[in-house]
Amino acid sequence: MSVGNPHKIDTSKLDEIINSYEGKKSNLIAILQKVQEVYRYLPEEAMIYIGTKMEGLSPATVYGVATFYAQFSLEPKGKFEIKVCDGTACHVRGSMPVLNAIKARLDLTDGKMTTDDGLFSLETVSCLGACGLAPVVVINGKVYPQMTSDAIKIVLDTLLKEDR
């Protein structure tokens, strides 16, 4: 199981999370969600620790759950998670120029999806369920409707200023 980037984990923090869910394997998804909140992804070391620490689980089982659900990431995510819809409605209404503007503004080249400073992560999704607002971008759960290349640059610049 070689995934993600190595990340120093705090086993006391993992114990705290596991214990807050009474260490029950039926709470594995909730435990993984909390771990992902802490690290912004699921480090391999954390999955191994959880799998060996919790009764009735194995690291392989934890990994299987983490890779089954799309909500989990095995790669580090940025502070700002940008999702660009590339579904039919968004594509027809111009999501690709918006996506390209984001990549250019954040210097995401050569397939890189997270900025070097770890501030932004970018992904495309097949549908965000807001076809009437196409093209749609979602950043940390906030919906930005009817985006254009110029409008997304303003949004990104605003986020950059707010983060400083």
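Heavy atoms only: backbone and side chains are in, while hydrogens, waters and symmetry mates are out.
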Next item on the list: Decide whether L42 and Y21 are clustered together by the hydrophobic rule: side chain heavy atoms of Ile, Leu, Val, Met, Phe, Trp, Tyr closer than 4.5 Å, transitively.
Entry: yes
Check: Are F80 and V136 in one and the same hydrophobic cluster, where Ile, Leu, Val, Met, Phe, Trp and Tyr link if side-chain heavy atoms are under 4.5 Å apart?
Finding: no
Check: What is the distance from atom NZ of K25 to atom OG of S58, rounded to the nearest 0.5 Å?
Finding: 10.0 Å
Check: If every non-hydrogen atom of C131 is compared with every non-hydrogen atom of R93, which pair is closest and at what distance?
Finding: O-NH1, 2.8 Å
Margin query: Nearest 0.5 Å, please: how far is CD1 in I50 from OH in Y63?
Written below: 15.0 Å
Next item on the list: Check whether any side-chain heavy atom of Y41 sits under 4.5 Å from a side-chain heavy atom of V35, and report yes or no.
Entry: no
Note to self: So for atom CD, which belongs to E55, do other residues, nucleotides or ligands contribute more than 12 heavy atoms lying within a distance under 6.0 Å?
What the structure shows: no
Next item on the list: Compare every heavy atom of Q33 with every heavy atom of Q71, then report the nearest pair and how far apart it is.
Entry: OE1-NE2, 2.8 Å
Checklist line | L159/E162 under side chain to side chain contact (heavy atoms under 4.5 Å, CB included): CA gap, chis, key distance, verdict | finding: CA-CA 5 Å; L159 291 173; E162 289 174 2; 4.1 Å; yes
Next item on the list: Determine the minimum heavy-atom distance between P135 and C90, stating which atoms define it.
Entry: CA-SG, 3.7 Å
Next item on the list: Decide side chain to side chain contact (heavy atoms under 4.5 Å, CB included) for M54 and I31; before the verdict, give the C-alpha distance in whole Å, the side-chain angles of both, and the deciding distance to 0.1 Å.
Entry: CA-CA 11 Å; M54 292 178 62; I31 290 167; 3.6 Å; yes
Checklist line | By side-chain contact (heavy atoms from CB on, under 4.5 Å) - contacts of T109 (at least two apart) | finding: D107
Next item on the list: Would you please name every residue forming a salt bridge (Lys or Arg N to Asp or Glu O under 4.0 Å) with E37, sequence neighbours left out?
Entry: K34
Check: Is the closest side-chain heavy-atom distance between T158 and K161 below 4.5 Å?
Finding: no
Margin query: Measuring only between side-chain heavy atoms, which start at C-beta, is V98 closer than 4.5 Å to N100?
Written below: no
Notebook entry, point to check: CG of L122 to CE of M113: how many Å apart, nearest 0.5 Å?
Noted result: 4.0 Å
Margin query: According to a hydrophobic-cluster definition based on side-chain heavy atoms being under 4.5 Å apart (Ile, Leu, Val, Met, Phe, Trp, Tyr only), do Y39 and V62 belong together?
Written below: yes
Checklist line | Test side chain to side chain contact (heavy atoms under 4.5 Å, CB included) applied to D10 and E16, step by step | finding: CA-CA 10 Å; D10 179 354; E16 180 183 315; over 6 Å; no
Notebook entry, point to check: Mind checking whether L32 and F72 have side chains closer than 4.5 Å, heavy atoms only?
Noted result: yes
Next item on the list: Is it possible for you to say whether M96 and V138 belong to one hydrophobic cluster, with membership spreading through side-chain heavy-atom contacts below 4.5 Å?
Entry: no
Margin query: How long is the straight-line distance from CD1 of I152 back to CG of L156, given to the nearest 0.5 Å?
Written below: 5.0 Å
Item checked: Spacing of C85 atom SG and L99 atom CG [to the nearest 0.5 Å] -> 11.0 Å
Next item on the list: Give, for atom NZ of K53 and atom CD1 of I48, the distance between the pair rounded to the nearest 0.5 Å.
Entry: 15.5 Å
Check: How about D86 and V125: do any of their side-chain heavy atoms sit closer than 4.5 Å?
Finding: no
Next item on the list: Using a 4.5 Å cut-off on heavy atoms from C-beta on, say whether the side chain of Y49 contacts that of D15.
Entry: yes
Check: Which atoms form the tightest heavy-atom contact between P59 and T52, and what is the distance?
Finding: CG-CG2, 3.9 Å
Checklist line | side chain to side chain contact (heavy atoms under 4.5 Å, CB included) evaluation trace for E81 with R40 | finding: CA-CA 10 Å; E81 292 184 48; R40 292 198 208 133; 5.8 Å; no
Next item on the list: Would you check if I82 and L106 make a side-chain contact, meaning some heavy-atom pair closer than 4.5 Å?
Entry: yes
Notebook entry, point to check: Is a side-chain donor-acceptor pair under 3.5 Å present for D150 with T148?
Noted result: no
Notebook entry, point to check: Are M147 and V84 side-chain neighbours, meaning at least one heavy-atom pair lies under 4.5 Å?
Noted result: no
Check: Do L133 and I154 belong to the same hydrophobic cluster, where Ile, Leu, Val, Met, Phe, Trp and Tyr are linked whenever their side-chain heavy atoms lie under 4.5 Å apart, directly or via other members?
Finding: no
Check: Does any pair with a residue in residues 115-144 pass side chain to side chain donor-acceptor pair (under 3.5 Å), and if so which ones, sequence neighbours excluded?
Finding: K77-E123, K112-D116, T114-S121, T115-D117
